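Bear in mind the structure is a predicted one, so any value in this text is a computation, not a measurement. Letters A, B, ... mirror the listed sequences (proteins, then strands); counts begin at 1. All heavy atoms count here, side chains included; hydrogens, waters and symmetry mates do not.
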Amino acid sequence: MPELPEVETIRRDLLSRIVGRTITSAFVSSNAPRLVQLMPPAEFCKQLPGHRIEDISRRGKYLLVHLSGGLYWIVHLRMTGRFLHREDPCPEDPYLRAGFTLDNGSSLCFVDLRKFGTMWLIDDPSLVVGKLGPEPLSDDFTVAGLRDLLVRRSAPVKAVLLDQHAIAGIGNIYADEALFNAGINPRRAANKVSKPKTEALHAGVRQALLDALSDRGSSFSDYVDGSGRSGRHQLKVKVFRRTDQPCYSCGTQIRRVKVAGRSTHFCPNCQR
DNA sequence: CTTATTCCCTGATTGC
DNA sequence: TGCAATCAGGGAATAA
């Protein structure tokens with residue numbers, strides 16, 4: 001499940017490896033008919049070659065590959081997507097959904113078991129990422145902004161953290177970790193989170209993301225970085241997938257419940 | 001505007 | 001042991 005720390009790790013990996021390269025060929029598997037958005041895959045494969053990769057940025061969980069001519073190649077990995085760069089052509093893989101060759105013989109391989117991943121080739125990225133909430137690691141994410149968000153909503157606070165239009169880039173792992181950091185019960189109504197707890201949540205979100213980023217992301221299942229290596233943060237999570245294990249802070253067994261349709265892990269003692 | 005539910009997809013897990 | 005039903009999850013679409 002690539003979330004902000006995982007996508008940012010991939011971005012940094014790819015940035016050092018493919019900026020300046022020109023795309024020489026593109027292929028999309030016929031068994032991935034939903035991968036390319038807004039245009040037929042054949043059109044996408046025809047347009048991409050010839051463009052030089054100028055930069056790579058990230059917005060929430062979206063990767064934006066800036067191409068020559070002002071075009072953007074946007075990639076979302078969803079649940080099981082992998083976006084890998086290698087020095088030779090993409091190897092045989094039953095889940096290889098798209099492959100791209102670069103002008104130095106290296107390649108980008110898009111591997112995605114569940115086929116939820118999507119990509120766009122588009123002039124105006126705001127059509128794809130324009131409605132996302134603030135970047136939680138930027139100055140746009142403030143305690144006051146978070147407070148405004150929470151007071152208007154009666155949904156569980158975890159549902160708000162997962163809402164990409166509220167804050168961009170948080171998924172199931174870091175929503176649970178952030179709420180633990182802040183000592184907030186995930187089921188608590190957003191508009192009942194106190195002011196001090198809102199401050200704690202703001203800090204808790206940032207800490208969860210920064211901790212994961214420094215570990216190059218969490219590899220619970222499919223996630224690997226831009227070179228195909230696993231992250232390490234799955235070994236350090238405080239609550240996510242630690243059901244029935246003791247809380248590191250108080251020893252109470254971590255509980256698992258369903259909130260906002262997602263598995264949710266928390267310490268019933270530390271998160272009241 | 002909000003919140004809840006369904007859908008996409010397939011390997012892993014659970015239940016009988 | 002075997003096979004079917006359920007689960008996992010990001011986010012768009014749909015319903016209410």
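- Ring geometry for A:Phe100 versus A:Phe44: interplanar angle over 60°, hence perpendicular rather than tilted (30 to 60°).
- Residue A:Ser263 is in sugar-phosphate contact alone, with no base atom involved, counting any heavy-atom pair closer than 4.0 Å across all strands shown.
- Of the N and O atoms on the side chains of A:Asn31 and A:Lys115, not one donor lies less than 3.5 Å from an acceptor on the other residue.
- Taking atom CD1 of residue A:Ile74 and atom C1' of nucleotide C:dA12, one finds them 16 Å apart after rounding to whole Å.
- Among the atoms of the strands shown, only primed sugar atoms or phosphate atoms (P, OP1, OP2) are found under 4.0 Å from some heavy atom of A:Ser154.
- Spacing between atom OH of A:Tyr223 and atom C1' of C:dG9 amounts to 18 Å, rounded to whole angstrom units.
- Applying the 4.0 Å criterion to OP1 and OP2 of C:dG10, one finds that A:His76 has every side-chain N and O outside that range.
- With A:His85 as the fixed residue, the side-chain hydrogen bond (donor to acceptor under 3.5 Å, both in side chains) test singles out one of A:Ser227, A:Ser106, A:Ser16: A:Ser106.
- A sub-4.0 Å separation between OP1 or OP2 of B:dT2 and a side-chain N or O of A:Arg153 is absent.
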Output one line per pair: protein atom, nucleotide atom from nucleotides 7-10 of chain B, and distance, for all N/O pairs under 3.5 Å.
{"unit_1": "B:dC9", "atom_1": "OP1", "unit_2": "A:Arg34", "atom_2": "NE", "d": "3.0"}
{"unit_1": "B:dC9", "atom_1": "O4'", "unit_2": "A:Arg114", "atom_2": "O", "d": "3.3"}
{"unit_1": "B:dT10", "atom_1": "OP1", "unit_2": "A:Lys115", "atom_2": "NZ", "d": "3.0"}
{"unit_1": "B:dT10", "atom_1": "O2", "unit_2": "A:Arg114", "atom_2": "NE", "d": "3.3"}

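- Judged purely by distance below 3.5 Å, without hydrogens or angles, the side chains of A:Asp55 and A:His66 never pair a donor atom with an acceptor atom.
- Ring to ring, A:Phe83 and A:Trp73 are close: their centroids are under 6.0 angstrom apart.
- To the nearest angstrom, P of B:dT3 lies 20 Å from NZ of A:Lys258.
- A:Lys131 comes within contact range of no nucleotide atom at all, as no heavy-atom separation falls under 4.0 Å.
- Summarising the geometry, the separation between CG on A:Leu127 and P on C:dA12 is reported as 13 Å, rounded to the nearest angstrom.
- Checked options A:Ile10, A:Ile56, A:Val65; the residue passing with A:Leu15 is A:Ile56 (criterion: side-chain contact (heavy atoms from CB on, under 4.5 Å)).
- Distance NZ (A:Lys158) to P (B:dA4): 14 Å, rounded to an integer number of Å.
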